[in-house]
Amino acid sequence: MVATQAAPAPNQQDALRHVKKSDDKFPFLEDLRLKYEHQPVFIQAVEEMALSLEPLFNDKEKGEFYKRAFVMMAEPERTISFRVPW
């Protein structure tokens, strides 16, 4: 029995193309791209937000600070839930 993988939905295919196109634009996001490569829509959203903040990243004095802060804030939130029966 061979498992087949379903083709990505059209929106995911567009997102995959977007991720591959913009690899050189924001090299400081490379770790995030590798860590969440299975989430192309998330990567697309992060890169679109980075595009809007690009003037901050290009600032000579605080650009590196803004890049580090952006990467930290882009880390998805994790929620752990559990039930306690009484």
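Heavy-atom basis, side chains included; hydrogens, waters and symmetry copies ignored.
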When E30, E48, E54 are each screened for salt bridge (Lys or Arg N to Asp or Glu O under 4.0 Å) with K25, the one that passes is E54

How far does CZ of F57 sit from CZ of F28, to the nearest 0.5 angstrom?
-> 4.0 Å

Drop me the distance from L53's CG to D59's CG, to the nearest 0.5 angstrom.
-> 12.5 Å

Tightest non-hydrogen contact, residues M49 and F70, listed as CG-CE1, 3.8 Å

Listed by chain and number, what are the side chain to side chain contact (heavy atoms under 4.5 Å, CB included) partners of F65, not counting sequence neighbours?
-> R68

All side chain to side chain contact (heavy atoms under 4.5 Å, CB included) counterparts of A74, not counting sequence neighbours | L32, V46

Could you walk me through whether E37 and I43 pass the side-chain contact (heavy atoms from CB on, under 4.5 Å) check?
-> CA-CA 8 Å; E37 65 186 350; I43 298 297; over 6 Å; no

K67 side chain near F26 side chain, heavy-atom distance below 4.5 Å = no

Got a sec, which residues hit side-chain hydrogen bond (donor to acceptor under 3.5 Å, both in side chains) with E75, two or more places apart in sequence or on another chain?
-> K35, Y36

